[in-house]
Amino acid sequence: MLRIKQILQEKALSAKTLAERMGVTPQYINGVINERDSASIRMLAKIAKELDVPVAALFDDYDNKVYATTGTCPHCGKEIRIDIKA
């Protein structure tokens with residue numbers, strides 16, 4: 001399953017805007033979003049590039065979790081937060 005619709009919502013973009021930027025028809029993009037039409041790897045890469053996300057982010061099983069921990073800076077002794085993006 002693809003999450004293009006969700007990414008468009010997060011970025012406040014419409015499918016029509018995405019289609020215009022890519023030089024394809026809105027019908028084609030809507031077909032891909034709603035999984036009525038298939039998209040090649042090359043087209044998915046173009047969609048990902050236009051949305052400024054990794055290709056993997058287009059799929060439902062994408063793990064976009066950030067793991068956080070804290071530690072002490074060895075130089076100043078202050079507590080610091082360390083975020084690790086999976």
Side-chain angles (χ1 to χ4, degrees):
M1 304 290 288
L2 296 172
R3 9 179 342 263
I4 298 170
K5 189 174 193 175
Q6 178 185 349
I7 296 168
L8 286 170
Q9 290 172 346
E10 290 169 3
K11 295 186 176 276
L13 292 172
S14 69
K16 183 179 178 184
T17 300
L18 177 61
E20 288 170 356
R21 289 181 180 178
M22 294 182 61
V24 298
T25 66
Q27 293 82 3
Y28 174 73
I29 290 296
N30 280 316
V32 171
I33 289 170
N34 295 311
E35 298 185 30
R36 289 188 310 266
D37 295 323
S38 60
S40 67
I41 298 294
R42 177 174 276 154
M43 183 56 70
L44 291 175
K46 288 179 181 181
I47 291 170
K49 182 177 181 181
E50 195 60 49
L51 294 175
D52 194 30
V53 297
V55 173
L58 300 179
F59 297 93
D60 278 342
D61 60 352
Y62 178 65
D63 185 5
N64 195 26
K65 295 177 184 169
V66 175
Y67 302 95
T69 188
T70 57
T72 305
C73 175
H75 301 288
C76 68
K78 291 184 181 178
E79 187 171 303
I80 56 173
R81 177 185 162 121
I82 302 167
D83 293 332
I84 302 169
K85 191 171 183 178

- request: Ignoring hydrogens and angles, tell me if any N or O in the side chain of R3 forms a donor-acceptor pair with the backbone of A57 under 3.5 Å.
  value: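 Looks like yes, one N/O pair under 3.5 Å.
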Could you tell me if the side chain of [Y] sits less than 4.5 Å from the side chain of [X], heavy atoms only?
{"X": "T70", "Y": "I80", "result": "no"}
{"X": "L58", "Y": "V53", "result": "yes"}
{"X": "Y28", "Y": "M22", "result": "no"}

- request: Show your reasoning for whether side-chain contact (heavy atoms from CB on, under 4.5 Å) applies to T69 and R81.
  value: CA-CA 6 Å; T69 188; R81 177 185 162 121; over 6 Å; no
- request: Using a strict cut-off of less than 4.0 Å between a Lys/Arg side-chain nitrogen and an Asp/Glu carboxylate oxygen, indicate whether K5 and E10 qualify as a salt bridge.
  value: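 No salt bridge links K5 with E10.
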Measure across [X] and [Y] and return the closest heavy-atom pair with its distance rounded to 0.1 Å.
{"X": "V32", "Y": "L2", "value": "O-CD1, 3.7 Å"}
{"X": "A19", "Y": "I29", "value": "CB-CG1, 3.7 Å"}
{"X": "G77", "Y": "T72", "value": "O-CG2, 3.4 Å"}

In Å, rounded to the nearest 0.5 Å, how long is the span from [atom1] of [X] to [atom2] of [Y]?
{"X": "E50", "Y": "L8", "atom1": "CD", "atom2": "CG", "value": "10.5 Å"}
{"X": "R36", "Y": "Q27", "atom1": "CZ", "atom2": "CD", "value": "10.0 Å"}
{"X": "L51", "Y": "I4", "atom1": "CG", "atom2": "CD1", "value": "7.5 Å"}
{"X": "M43", "Y": "S38", "atom1": "CE", "atom2": "OG", "value": "10.5 Å"}

NZ (K16) with more than 12 external heavy atoms under 6.0 Å: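 No, not enclosed.
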